Trainee: 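Let me begin by handing over the structure; questions about it come next.
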Amino acid sequence: MDDVKAIHSGDYRATAEKEPAYAKITTFFAKSREYNCFYAWFDSGCIDQKNNAELTESIPAMYKWYQNANVCIVRLAGAVVGSNISDDDWFQRGWTLQELIAPTHLKIYDVLWNPVTTDRYDIIREPDWTTQGNISGPLARSLKPENPPEPSHITHEILNATGRAPLVISWMVHRRTTQPEDRAYCILGLLALYIQMPLERGEAFEKAFFRVQMYAFACTRERGLLVWIGTPSVYNSMFASTPESCDFFLQTIDPISNEDAAICVIQPSFDVPHLVDKNTVKMLIYSLLDSSIISPEHSSAIMANITPSSQTAGIPGNLFLGILGSHSLKNSENPFNAADWEWNSAGRLPSDMPDVLHYAVLLVGNPSLLDQPFARVHTHRHIWLNPGWAEGAEPLLAGAFSESLSQPNQFLSLYTMTSATPEERYALITRGLDEVLGGQQIQAILAEGKHPKCYWGTAPTGRPHIGYFVALNKIADFLRAGVEVKILLADVHAFLDNMKAPLDLVAHRTKYYEYILLAVFHSLGIPTSKLVFVQGSSYQLTKEYNLDNYKLCATVSEHDAKKAGAEVVKQVESPLLSGLLYPGLQALDEEYLGVDFQFGGVDQRKIFTFAELYLPKLGYRKRAHLMNPMVPGLGGGKMSASDPNSKIDLLDPPEVVRKKIKSAFCEEGNVEDNGVLSFVGAVLIPISQLRKERAEGKTMDDAEEGKDVETTGDQRPFATADAPEGTLFTVERDEKFGGNLHYDSFNSLKAAFAAKDLHPKDLKLAVANAIISLLAPIRKSFEENEDWQKVEKLAYPDPNAKPEKKKKKEKVYHPPPPGKGKDANKPTESIAAVPDSTTSSPPPPIVVGPEVTAQASES
RNA sequence: CCCCCGGUAGCUCAGUUGGAAGAGCGUGAGACUGUAAAUCUCAAGGCCACUGGUUCGAUCCCGGUCUGGGGGACCA
């Protein structure tokens with residue numbers, strides 16, 4: 001229909017009637033009338049190919065449009081009645097697949113508009129769920145052989161069934177499109193109705209194919225998408241890289257035998273904003289069972305082994321089903337890295353294995369084959385497994401599966417909750433905090449053996465300062481306690497809060513924040529693979545979110561909104577409306593991020609109580625709130641982002657750090673109003689504590705802490721080599737004043753300072769050195785990362801560079817005539833200044849200014 | 001849409017019947033203390049929003065523009 005496109009885009013009024021496409025369209029309309037249709041739709045004329053928004057909306061919907069049409073009329077451009085119509089190009093193209101499959105009533109004409117059969121309809125499919133198994137009509141089941149499965153044989157029942165994905169995808173193997181990415185896009189509607197996936201023209205096929213699978217999976221949880229054989233997508237190894245991987249309907253695949261094995265690897269990518277959850281793993285097991293990879297008798301044996309009714313049925317022969325996981329890998333790295341699987345070398349699952357994994361591997365087959373690469377199944381020789389599993393020697397494994405099937409949320413929790421009691425976890429989660437609201441909720445979650453979810457949000461406004469260490473360090477505690485942590489980059493909030501980040505900067509600042517937060521986490525030894533970064537605008541602009549926001553606006557009084565934001569939202573003389581929305585959005589985030597509690601500074605308290613009050617009024621669950629203490633500013637008062645001297649930026653170079661610490665207010669013996677001392681208590685001691693515990697191996701759930709390959713910088717506590725056991729902070733001091741001082745707690749340090757045993761200057765030097773050592777790795781990663789540096793320039797344009805030195809207008813001084821002017825009543829002075837001017841005529845202008853030339857007098 | 005008021009140093013604001021721009025706070029340097037603060041001494045900083053006009057001369061008077069605030073717009 002390329003000719004139609006020409007009409008569509010060109011000036012058709014003059015030439016339209018001469019175009020062949022015009023005749024085609026009018027005939028199409030005439031045929032439509034024969035089927036009593038008064039409205040007709042055709043793709044090339046009714047979708048503006050240049051309008052990306054329209055495309056995005058249309059493409060997934062087209063399937064539904066075809067399905068709901070009274071009749072779908074097809075004209076084969078390369079066939080005439082009598083020839084073999086199934087050779088026509090229409091059966092080879094990608095976009096035409098849904099035209100063949102979706103309609104309830106399909107009528108096919110040849111190139112001369114002769115109907116290919118005398119029947120009113122050629123293929124009729126019943127759409128109703130009771131009759132969807134029916135397919136009839138003269139061309140149904142007769143155009144092509146039934147095997148391999150062919151679209152003209154397929155009923156809607158099959159298309160709606162779980163496990164349909166490989167079938168649908170396999171049809172694309174032999175179909176083609178003009179644009180490579182369309183080969184992926186055109187099955188979107190078949191896989192998931194009503195899905196909205198942004199289309200990118202010129203996108204590489206593999207990326208497009210991955211996104212189609214991901215969106216379809218997110219939308220439908222169609223587990224058939226996980227069933228494929230071949231090379232995994234580079235974007236996410238859950239999914240196939242090409243449609244050919246799903247083509248096992250077309251080729252003979254031997255079921256897994258005792259001499260064979262299959263491995264599936266689940267690896268979420270950054271594009272999938274959640275970790276592999278238990279249900280995904282479970283679904284993968286089912287999809288393996290569904291697939292023809294596993295022979296029926298093995299399949300039933302596995303089922304028997306994992307269903308709760310049977311105890312220890314055992315799997316015949318060497319066949320076994322195993323599961324592994326790792327959370328130490330970076331998304332981009334090869335999951336088959338031997339080093340990352342070392343923890344399995346003990347021959348059993350680790351006792352503190354979390355139920356949320358970054359990688360999960362399901363294995364079916366003969367473990368002795370794992371030392372060799374497989375032809376059909378992607379795998380790698382480096383995986384090590386304990387063969388003992390195969391013989392059912394690990395009854396826990398079977399127990400885990402049966403547990404998982406009876407209680408969907410308990411999958412693998414057998415392994416995760418053995419190392420620490422709920423009480424210990426709760427104590428770890430809440431230690432060092434200023435206040436906890438709704439702690440019982442967290443205790444209840446822990447008591448059930450589940451992992452609480454939390455989020456910490458930050459609005460990308462000014463450059464982050466060292467106060468961030470308090471919150472970020474606390475997150476290490478959360479991870480150790482098995483909390484799932486999301487980091488919200490609240491870009492929308494940054495804009496709403498008095499436009500602290502203008503719209504053109506906010507995207508860059510978000511990126512900048514992501515870089516710097518990652519660098520800080522790495523410098524603290526916190527494995528970032530466990531953290532999920534979420535950008536606020538990724539969900540805060542959706543329809544549902546906005547509707548909830550409006551609901552909230554109709555619930556909250558202006559007075560309450562204003563009060564809730566009083567501490568956090570910048571208070572100005574004439575506040576903007578956006579500031580009133582701020583607390584509401586933050587409340588909704590708890591629901592939309594699906595967390596159990598929110599974590600933030602005590603300055604967030606009003607917003608937190610606001611959320612606790614109003615979220616239930618929208619029918620949502622009330623969340624718990626944890627608040628960390630605030631670090632006071634160096635000059636006393638708040639550490640404010642707007643006052644550069646009250647804060648130290650995370651990227652400040654050592655000289656600046658020393659200078660700022662030096663100028664801080666720090667009165668001898670004064671422990672109340674002392675920013676330097678408070679910083680030791682709020683940041684340095686906790687970090688030291690964390691490092692000490694890590695050195696002692698007390699990291700509980702977070703086994704990777706400090707071992708992450710990304711970890712940068714010195715990870716020792718702030719204590720010198722000569723410090724006694726248990727020292728958390730050493731103050732180096734000149735022998736003249738008595739030598740080094742060692743403290744094992746903040747209280748002892750504070751007491752020493754109050755008693756004036758510890759001099760402010762010594763403290764300042766020690767603190768400055770500690771801060772410098774904390775910041776060094778962050779600065780280093782900044783200097784090594786060119787992208788980050790580019791983003792920094794875009795995010796924080798130099799204000800001094802912007803106003804291109806306004807040229808000064810030359811000033812011409814016109815002395816007042818004698819007797820006039822300000823000093824007229826002091827005649828001696830003015831006459832002395834202009835001795836020649838005795839008349840009343842004004843003196844000539846005197847040009848003032850260094851670079852003034854003749855131009856001045858011209859003007 | 002109508003009326004009123006404002007825009008001067010980083011901040012809060014003075015000021016001039018039109019005659020080379022001021023304070024307080026803040027900032028920087030120095031002195032005094034084993035840090036800082038306090039105190040003292042010194043210093044830096046302004047297209048007086050933009051743009052036309054009147055004038056020998058405009059931050060000031062007049063017009064326009066931009067921008068911020070307050071009030072009104074037939075309800076009492």
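Note that the structure is a prediction, hence the values are computed from the model and not measured. Every chain is numbered from 1 and lettered A, B, ... according to where its sequence line falls, protein lines coming before strand lines. All values below were derived from every heavy atom in this structure, side-chain atoms included, with hydrogens, water molecules and symmetry-related copies excluded.
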Trainee: Among B:G68, B:G34, B:A36, find the nucleotide with the atom closest to the side chain of A:E667.
Mentor: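 Nearest to the side chain of A:E667 among the choices is B:A36.
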Trainee: Answer with yes or no whether A:K761 presents, from its side chain, a donor or acceptor under 3.5 Å of a partner atom in the base of B:U35.
Mentor: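 A donor-acceptor contact between them is absent.
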Trainee: B:A36 P sits how many Å from A:R658 CZ, rounded?
Mentor: 16 Å
Trainee: Could you check whether A:H522 and A:S781, counting side-chain N and O atoms only, form a donor-acceptor pair closer than 3.5 Å?
Mentor: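 Side chains of A:S781 and A:H522: no pair found under 3.5 Å.
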Trainee: Is it true that A:R605 and A:E567 have a side-chain N and a carboxylate O under 4.0 angstrom from each other?
Mentor: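 Answer for the salt bridge query: no.
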Trainee: Identify whether any heavy atom of A:D762 sits under 4.0 Å from a base atom; if not, whether one sits that close to sugar-phosphate; answer base, sugar-phosphate or nothing.
Mentor: base
Trainee: For A:N769 and B:U35, give me the distance from atom CG to atom P, rounded to whole Å.
Mentor: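 It is 17 Å, rounded to the nearest whole Å.
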Trainee: If you assign A:S663 and A:K659 each to the RNA chain B nucleotide with the nearest heavy atom, which residue ends up on the more 5' nucleotide?
Mentor: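 Closer to the 5' end of RNA chain B: A:K659.
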Trainee: Separation of A:L763 atom CG from B:A37 atom P, in whole Å?
Mentor: 16 Å
Trainee: Under 3.5 Å for both donor-acceptor distances, Watson-Crick or wobble: does B:G30 have a partner, and if so which one?
Mentor: B:C40
Trainee: Can you tell me if A:K662 touches the phosphate of B:A36, counting only side-chain N or O atoms and a distance under 4.0 Å to OP1 or OP2?
Mentor: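 Answer is yes, contact under 4.0 Å.
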Trainee: Once you round it to whole Å, what is the distance between C1' of B:U39 and CZ of A:F665?
Mentor: 15 Å
Trainee: Parallel under 30°, tilted from 30 to 60°, perpendicular over 60°: which one fits the rings of A:Y614 and A:F610?
Mentor: tilted
Trainee: Roughly how far, to the nearest 0.5 Å, is CZ of A:R658 from CD1 of A:I772?
Mentor: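 Result: 3.5 Å between the selected atoms.
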Trainee: Just N and O in the side chain of A:S574: are any of them under 4.0 Å from OP1 or OP2 of B:G69?
Mentor: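 True: A:S574 side-chain N/O within range (under 4.0 Å) of B:G69 OP1/OP2.
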Trainee: Starting from P on B:U33, measure out to NE2 on A:H759 and report it in whole angstrom.
Mentor: 13 Å
Trainee: In whole angstroms, how far is the C1' atom of B:A36 from the CG atom of A:N674?
Mentor: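 Rounded to whole Å, this separation is 10 Å.
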Trainee: By the 4.0 Å heavy-atom rule, please label A:K764 as base, sugar-phosphate, or nothing.
Mentor: base
Trainee: Is the glycosidic torsion of B:G53 within 90° of 0, making it syn, or is it anti?
Mentor: anti
Trainee: Rounded to the Å, how far apart are A:D673 CG and B:A37 C1'?
Mentor: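 Result: 10 Å.
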Trainee: If we call it a pair only when both distances are under 3.5 Å in a Watson-Crick or G-U wobble match, what pairs with B:A73?
Mentor: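 Paired with B:A73, as far as the under-3.5 Å criterion goes, is no nucleotide at all.
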Trainee: Under a 3.5 Å cut-off for both contacts, is B:C61 paired Watson-Crick or G-U wobble with anything, and if yes, with which nucleotide?
Mentor: B:G53
Trainee: Checking A:Q586 against A:Q604: is there a side-chain donor and acceptor pair closer than 3.5 Å?
Mentor: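 There is such a pair (donor and acceptor under 3.5 Å, judged by atom type) between the side chains of A:Q604 and A:Q586.
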Trainee: Using the C1' atom in both, what is the distance from B:C50 to B:U67, to the nearest Å?
Mentor: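 Per the computed distance, 10 Å lies between those C1' atoms.
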Trainee: Ion pair present between A:K647 and A:D649, side-chain N to carboxylate O less than 4.0 angstrom?
Mentor: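 The answer is yes: the pair qualifies as a salt bridge.
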Trainee: For A:I661 and B:A37, what is the distance between atoms CD1 and P respectively, to the nearest whole Å?
Mentor: 14 Å
Trainee: Can you check the distance between B:A76 and B:G63, where both ends of the measurement are the C1' atom (answer in whole Å)?
Mentor: 41 Å
Trainee: Under a 3.5 Å limit for both distances, which nucleotide forms a Watson-Crick or G-U wobble pair with B:C25, could you say?
Mentor: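 Check on B:C25: paired to B:G10, both distances under 3.5 Å.
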Trainee: Sort out the partner of B:U16 for me: Watson-Crick or G-U wobble, both distances under 3.5 Å, none otherwise.
Mentor: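 Per the H-bond distance test, none.
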